[in-house]
Amino acid sequence: MILAPDFYQQPNVVAIARKLLGKVLITRINGEVTAGRIIETEAYSYKERGCHAYNNKQTPRNEIMFVMGGVAYVYLCYGMHNLFNIVTNKTGKAEAVLIRALEPVAGQEVMLARMNTKKLNRITSGPGKLTRAFGIDRSLNGISLLNSKITLEDAAPINSKKIVATTRIGIDYAGTDALLPWRFYVKDNEWVSKW
DNA sequence: TAGAGGATTGAT
DNA sequence: TCAATCCTCTAC
């Protein structure tokens, strides 16, 4: 069952980031289907410095964060990696959840071809890698997650004992906001990013 | 319009 | 530890 719009439109992006663990992301790009369970997420809000939309700063790049929750925010990072976020909350409340790691469920051979490798090992363990494996790029920025190209399927929640909350990665410039425990991952799962 | 830097990754 | 690589934002 596809996650309903009201799931994304809740006001607490941190709670959504936690609930997204275990859900299944499905992409259908150029007729090729890939699917994966969400293993790792990070929450971002206009209220804190780690966010592109901090202090409600709106730019051409991040304007999609300001629309109604339930769409994709895809942007280029470090000149070479597409990062995939799920926009949450209501119009004007810029919040989003970065998807950092997936566990492949279907379409593994498509992923291997896209990654130009033969080993399934850790090919979706990281925000830049999973977008490549799933065929997500900036042309999908702003697309609805109810659209057939990208959808999210509901699934049983992860046991709360298996969920680890910790600090986000790569946002040292955010000062004390970098210390917020807004990164969530499934404990002991081999697909979590980094080592 | 120039310059700095980034929600990363993989090789050294 | 460091380079790859290019888009975005800020300041001039």
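Each chain gets a letter, A, B and so on, in the order the sequences are listed, and its residues count up from 1.
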hydrophobic_cluster_shared for Leu102(A) and Trp191(A), side chain cutoff 4.5 Å: yes
Atom-pair distance (OH on Tyr78(A); C1' on dT5(C)), nearest Å: 13 Å
Transitive ILVMFWY side-chain link Val87(A) to Met68(A), under 4.5 Å: no
Touch class at under 4.0 angstrom, heavy-atom based, for Gly50(A) against every strand present: base
Linked, directly or transitively: Val14(A) and Ile158(A) (ILVMFWY side chains, under 4.5 Å): yes
Nucleotide pairing, DNA chain B (Watson-Crick or G-U, distances under 3.5 Å), in dot-bracket with [ ] and |: ||||||.||||.
hydrophobic_cluster_shared for Leu21(A) and Ile169(A), side chain cutoff 4.5 Å: no
Donor-acceptor side-chain pairing of Ser193(A) and Ser125(A) below 3.5 angstrom: no
Rounded distance in Å - CG (Leu180(A)) to C1' (dA7(B)): 14 Å
Verify same cluster id: Phe134(A), Leu120(A) (apolar side-chain graph, 4.5 Å): yes
Sugar-phosphate, base or nothing in reach of Leu76(A), heavy atoms under 4.0 Å: sugar-phosphate
Side chain to side chain contact (heavy atoms under 4.5 Å, CB included) assessment of Tyr73(A) paired with Arg61(A): CA-CA 9 Å; Tyr73(A) 171 41; Arg61(A) 178 178 66 164; 3.8 Å; yes
Sugar-phosphate only, base, or nothing, as touched by Arg100(A) at under 4.0 Å among non-hydrogen atoms: sugar-phosphate
Check against salt bridge (Lys or Arg N to Asp or Glu O under 4.0 Å), Glu48(A) and Arg168(A): CA-CA 12 Å; Glu48(A) 47 83 22; Arg168(A) 294 172 293 174; 2.9 Å; yes
Distance-only polar pair, side chains of Glu42(A) and Tyr44(A), donor-acceptor under 3.5 Å: yes
Any residue of residues 79-95 of chain A with a heavy atom less than 4.0 Å from an atom of DNA chain B: Gly79(A), His81(A), Leu83(A), Asn85(A)
Under 3.5 Å side-chain donor-acceptor pair for Asn189(A) and Glu103(A): yes
Heavy atoms of other groups near Asn159(A) CG, more than 12 under 6.0 Å: yes
dG6(B) phosphate, OP1 or OP2, under 4.0 Å from Tyr75(A) side-chain N/O: no
d(OH, Tyr173(A); P, dC9(C)) in whole Å: 13 Å
Distance, rounded to the nearest Å, where Met115(A) contributes CE and dT9(B) contributes P: 9 Å
Interface residues of residues 61-72 of chain A with DNA chain C (non-hydrogen, below 4.0 angstrom): Arg61(A)
Show me the donor-acceptor pairs within less than 3.5 Å that the side chains of residues 135-143 of chain A make with the rest of the protein, sequence neighbours left out.
residue   : atom : partner   : partner atom : Å
Asp137(A) : OD1  : Ser139(A) : N            : 2.9
Asp137(A) : OD1  : Ser139(A) : OG           : 2.6
Asn141(A) : OD1  : Val74(A)  : N            : 3.0

Verdict with supporting geometry, Glu40(A) and Arg183(A), salt bridge (Lys or Arg N to Asp or Glu O under 4.0 Å): CA-CA 7 Å; Glu40(A) 182 177 347; Arg183(A) 172 176 173 235; 2.7 Å; yes
Arg100(A) NZ/CZ over Phe84(A) ring centroid, <6.0 Å and within 45° of normal: no
Interatomic distance at C1', dG5(B) relative to dC2(C), whole Å: 16 Å
Of residues 125-140 of chain A, the positions that come close to DNA chain B - non-hydrogen atoms, cut-off under 4.0 Å: Gly126(A), Pro127(A), Gly128(A), Lys129(A)
Ile171(A) side, atom CD1; Leu180(A) side, atom CG - distance, nearest 0.5 Å: 7.5 Å
Can you check nucleotides 10-12 of chain C for protein contacts, nitrogen or oxygen pairs under 3.5 Å, and list what you find?
residue : atom : partner  : partner atom : Å
dT10(C) : OP1  : Lys57(A) : NZ           : 3.2

Whole-Å gap separating P (dG10(B)) and CZ (Arg122(A)): 10 Å
Exam field: side chain Thr117(A) to backbone Leu112(A), donor-acceptor pair closer than 3.5 Å: no
Spacing of Ile171(A) atom CD1 relative to dT8(B) atom P, expressed in whole Å: 9 Å
